[in-house]
Visitor: 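I have a structure here, written as structure tokens, and I will follow up with some questions on it.
We use all heavy atoms of the structure for the numbers below, so side chains are in, but hydrogens, waters and symmetry mates are not. Each chain gets a letter, A, B and so on, in the order its sequence line appears, and its residues count up from 1.
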Amino acid sequence: MSWPSKRDPDWKYLQSVQYGTHGNFPRLSYPTFFPRFESQDIIPPDDFLNSDEELDCVLFGILRGQVVGLRYYTGVVNNNEMVSLQREPDNPYDKNAIKVNNVNGDQVGHLKRNLAAALAFLMDNKLVQVEGVVPFGANNAFTMPLHMTFWGKEENREVVLDQLKKHGFKLGSTLKDLGLSSENSLVSGRSGPRYNMPAHVAVQMTAEQLKTEFDKLFEDLKEDAKTNEMEPAEAIGTPLLPHQKQALAWMISRENSKELPPFWEQRNDLYYNTITNFSVKQRPENVHGGILADDMGLGKTLTAIAVILTNFADGQPLLSNRREKNHPRKEYKDKTVKRRGNNTNNEADGLSTETSRCGGEPVISHIQEMNKFLTSKVSSFCPKRRKISVEYTESSDSEKIETSELAQKMKGSSKVKEDTTFAHALTSSAPVTKKKMLKKGASVMEGLKKCDTGERSRATLIICPLSVLSNWIDQFGQHIKSEVHLNFYVYYGPDRIRDPNLLSKQDIVLTTYNVLTHDYGTKDDSPLHSIKWLRVILDEGHAIRNPNAQQTKAVLDLEAERRWVLTGTPIQNSLKDLWSLLSFLKLKPFIDREWWHRTIQRPVTTGDEGGLRRLQSLIKSITLRRTKTSKIKGKPVLELPERKVFIQHVSLSEEERKIYQSVKNEGKAIIGRYFTDGTVLAHYADVLGLLLRLRQICCHIHLLTNGISSSGSSGNDTPEELRKMLIRKMRLILSSGSDEECAICLDSLTFPVITHCAHVFCKPCICQVIQSEQPHAKCPLCRNNIHGDNLLECPPEESACDSEERSNMEWTSSSKINALMHALIELRTKNPNIKSLVVSQFTTFLSLIETPLKASGFMFTRLDGSMTQKKRVESIQCFQNTEAGSPTIMLLSLKAGGVGLNLCAASRVFLMDPAWNPAAEDQCFDRCHRLGQKQEVIITKFIVKDSVEENMLKIQNTKRELAAGAFGTKKPDANEMKQAKINEIRTLVDL
DNA sequence: ACCGCCGGGTGCC
DNA sequence: ACCGCCGGGTGCC
């Protein structure tokens with residue numbers, strides 16, 4: 001018995017069965033002599049296992065049943081083994097049939113007919129989730145007993161109990177109800193499932209307890225496996241820090257590990273899973289990988305590069321000279337169909353590019369040049385989303401040259417499929433006739449696929465978000481010695497070569513989540529998915545935390561021997577985030593959501609100690625996490641210089657104060673009315689608008705945008721006016737820097753849309769609400785009716801006119817600008833070499849600051865979200881440059897740049913205006929307070945006295961507290977969310 | 001005997 | 001299944 005890589009039919013079925021998708025079964029399957037529920041009585045829920053509601057489940061009770069028909073199926077179980085129940089509506093003998101499967105998904109038997117008749121309806125409508133354990137009698141030949149636990153939402157309890165009663169079943173709540181004396185139930189001994197009876201389940205651990213418990217998961221660095229250090233392969237030119245050597249040792253030990261995976265142990269000649277009690281004869285493979293969850297800035301990228309080169313092949317490091325006799329490439333060379341002799345001059349270089357042959361560009365002879373070359377290409381092509389792919393191959397492999405040349409020629413025909421066909425013709429040892437090639441691509445593609453999937457590639461696939469693609473290329477260039485020869489391919493851009501043969505012969509293939517997902521979604525087989533990779537590394541691995549996202553599915557379908565996840569935040573919102581990661585790591589039995597949910601997620605969220613223990617040992621065995629404050633042998637992992645935050649209070653000038661007060665008084669009156677009418681949230685955008693104006697005045701009165709009137713709609717607008725107004729409001733919300741969360745997912749807004757009641761949500765989130773509440777969906781924030789057709793998306797910005805208008809205005813200073821300039825000039829006098837970041841949420845404010853900077857002779861550069869990728873790279877490189885005459889100031893918009901942005905040349909930060917979300921500020925500070933920072937970092941926050949800004953600081957504090965206790969607690973619901981928002985508004989406008 | 005009892009055939013859903 | 005159930009054979013003590 002072995003673990004199939006994918007249990008197709010069953011697994012798919014479990015994932016996809018939904019109420020109503022099999023049009024005929026519900027009607028036929030329930031005995032008609034019982035009054036049937038009409039479908040409108042029950043809200044058809046989302047896929048039970050995929051819905052958030054799974055956390056609200058309570059235990060209804062337990063029942064003893066029977067598994068029958070054992071002798072017809074191969075699936076076997078042990079005493080106390082967990083089993084899963086699966087509806088089988090297409091069973092020709094009984095539409096109510098319910099299969100009983102073991103942990104491996106092999107069928108053990110069926111539920112007895114009468115029991116199935118009672119449960120089928122409940123299961124189909126997801127009114128209850130039934131979980132089974134075989135308490136004893138596992139070796140019976142014909143039938144065996146089954147203990148079932150019933151879980152569901154409280155509001156469905158009655159329906160469930162009624163339905164069972166109609167069929168003559170009654171749930172019990174104690175072990176006696178299972179026909180056991182308590183004595184018997186304890187005989188079973190070790191590690192059986194524990195049924196905490198309802199009383200205990202209801203008791204939740206406090207948020208505080210859970211948080212401390214969870215922190216413990218990562219604290220423990222005492223284990224030897226994680227404190228050993230290892231030197232990287234010679235090919236790595238950068239010395240590793242101690243914690244990076246530890247990570248290297250740990251990662252390599254995991255890749256080469258022969259230990260059993262967590263929760264497995266050997267008993268005699270069988271292997272037992274101690275959680276589920278499942279056993280197999282064949283030794284379960286360990287996970288050759290894990291999660292590197294170090295904090296941002298600890299050098300995960302460098303560590304990963306070190307792993308690739310140090311555990312390059314057969315547990316051996318990459319040899320600098322690739323032509324040594326044990327060269328791993330040898331096996332490929334042997335298969336070369338034919339060779340060309342006249343290319344030896346390139347061989348010495350080890351690397352060459354397709355363009356060098358076809359486009360006349362110089363041959364690139366080592367990786368640093370390659371890096372330069374690539375970086376320039378990537379950065380210059382990114383802005384237009386028209387990037388190039390560069391192929392790096394050993395020119396001694398003649399097959400590739402021909403492939404490339406032909407592929408190049410074929411580009412005229414613009415059909416990638418034909419490229420690949422040609423490539424196949426040249427690389428396959430079996431001749432491919434022209435006729436065959438001209439036949440529809442499919443059959444040839446099929447042949448191609450087969451020839452590729454046969455053996456494992458030695459390539460490492462790295463998948464990262466686009467924002468860090470160039471960072472990876474940079475780091476490869478920086479850290480790998482120049483004489484090292486590597487086959488490196490950036491699989492990106494419209495001209496990427498979709499040839500599995502070519503890809504699988506690389507050492508490293510770098511691509512992005514988007515490319516991977518796009519390829520996966522297109523009809524042709526994705527070349528990335530037809531290769532058995534030596535290693536797959538997911539950078540920013542939390543990108544796959546949504547199990548329903550196409551991106552996640554594309555990642556989970558990759559085949560690899562070693563699998564790594566790099567992430568600074570393994571758990572972002574809740575435990576659920578871990579599942580996708582575990583699933584990617586192919587950790588059995590958690591790949592199936594049901595087992596993950598039963599054995600870990602639910603026990604932990606209901607506060608079950610055993611569950612937490614299991615989670616703990618699981619995490620410990622597969623993740624390594626160090627924070628910036630972690631210590632090794634008493635020394636901090638990173639000896640970062642200190643970071644100090646000062647708040648500098650600024651007083652408004654008389655004129656500014658006058659304007660501020662008048663806007664405030666006007667706004668306060670309006671909002672006060674909203675409060676008395678109880679319509680604050682309905683006017684949320686207006687409230688934000690007022691706050692925005694106040695914040696703008698604090699910075700500079702020229703920021704005041706006249707375009708937005710607070711009065712909102714008068715009720716008799718034309719649809720077009722309404723639309724414009726709503727879009728204006730949404731823009732306001734999005735551009736106000738308020739970092740609004742979506743009230744549904746509580747994450748920052750992705751693909752925002754605005755409802756007619758002027759509330760902004762993520763489009764997917766609100767669509768899901770509308771779907772599940774139809775036909776009368778209501779806005780989660782104000783309970784007004786909403787409709788899918790009425791959602792407005794944000795059209796692309798037509799920005800220019802606004803700023804032009806402003807630039808025509810005569811420049812004046814402001815109190816804050818004065819304060820800033822004073823500080824900058826003082827700093828320059830003290831030390832002209834210190835570099836500073838000047839940060840604001842308002843890009844127009846940054847523009848206003850440019851004028852006095854120029855006037856005072858400062859060299860500065862700028863980075864904001866509106867800039868193209870190319871300009872960003874230029875700006876960053878320019879700023880990071882330490883040569884004399886380089887800019888000393890960067891004007892930075894708060895949210896510009898991804899997590900990887902490195903601005904450590906700066907040691908001063910001037911935060912011109914406070915952010916709503918303190919995390920956004922911290923992230924911004926970390927762009928210079930990170931690895932590579934040699935000086936003390938001093939942060940100055942300018943806060944206007946007696947203003948909305950001071951109130952924002954208060955809100956920041958409550959948010960900090962909230963974030964600190966966030967793990968394990970239930971998400972606030974729409975109501976709590978509402979109240980929190982109202983309270984925030986109260987604080988902000990002093991009401 | 002329109003029963004009881006016997007013993008063989010048989011067996012999930 | 002060392003059961004239950006079915007249906008045929010059988011029939012005082």
Visitor: Is A/R87 salt-bridged to A/D124, going by a charged N under 4.0 Å from an acidic O?
Guide: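 Between A/D124 and A/R87 there is a salt bridge, with a charged N closer than 4.0 Å to a carboxylate O.
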Visitor: Between A/D519 and A/P527, is any pair of side-chain heavy atoms under 4.5 Å apart?
Guide: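 The answer is yes; the side chains approach within 4.5 Å.
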Visitor: Any luck finding a side-chain donor-acceptor pair between A/Q107 and A/N101 under 3.5 Å?
Guide: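 Looking only at side-chain atoms, A/N101 and A/Q107 do not form any donor-acceptor pair under 3.5 Å.
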Visitor: Taking only the P atom of each, what is the distance from C/dG11 to C/dC6 in whole angstrom?
Guide: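 Their P atoms lie roughly 24 Å apart.
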Visitor: To check you understand the geometry: which heavy-atom pair defines the closest contact between A/F150 and A/L59, and what is its length?
Guide: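 Closest pair (atom of A/F150, atom of A/L59, distance): O-CD1, 3.4 Å.
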Visitor: Which atom names give the shortest non-hydrogen contact between A/P262 and A/N286, and what distance separates them?
Guide: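 Closest heavy-atom pair between A/P262 and A/N286: CD-OD1, 4.3 Å.
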Visitor: Using atom P in both nucleotides, what's the gap between B/dC5 and B/dG9 to the nearest angstrom?
Guide: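 That atom pair is separated by 22 Å.
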Visitor: Let's test this: given Watson-Crick or G-U wobble pairing with both distances under 3.5 Å, identify the partner of C/dA1.
Guide: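 Paired with no nucleotide.
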Visitor: When you compare the side chains of A/W151 and A/Q129, does any donor N or O come within less than 3.5 Å of an acceptor on the partner?
Guide: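 Checked: A/W151/A/Q129 side chains show no N/O donor-acceptor pair below 3.5 Å.
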Visitor: Roughly how many Å is it from CG in A/N140 to P in C/dC3, rounded to a whole number?
Guide: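 Rounded to the whole Å, the gap is 14 Å.
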Visitor: If you measure from the C1' atom in B/dC2 to the same atom in C/dC13, how many Å do you get, rounded?
Guide: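 So the two C1' atoms sit 25 Å from each other.
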Visitor: Output one line per pair: protein atom, nucleotide atom from nucleotides 11-13 of chain B, and distance, for all N/O pairs under 3.5 Å.
Guide:
{"from": "B/dC12", "atom 1": "OP2", "to": "A/Y72", "atom 2": "OH", "distance (Å)": "2.3"}
{"from": "B/dC12", "atom 1": "O2", "to": "A/H110", "atom 2": "ND1", "distance (Å)": "2.8"}
{"from": "B/dC12", "atom 1": "N3", "to": "A/Y73", "atom 2": "OH", "distance (Å)": "2.8"}
{"from": "B/dC13", "atom 1": "OP1", "to": "A/R113", "atom 2": "N", "distance (Å)": "3.1"}
{"from": "B/dC13", "atom 1": "O3'", "to": "A/D94", "atom 2": "OD2", "distance (Å)": "2.7"}
{"from": "B/dC13", "atom 1": "O2", "to": "A/N91", "atom 2": "ND2", "distance (Å)": "3.1"}

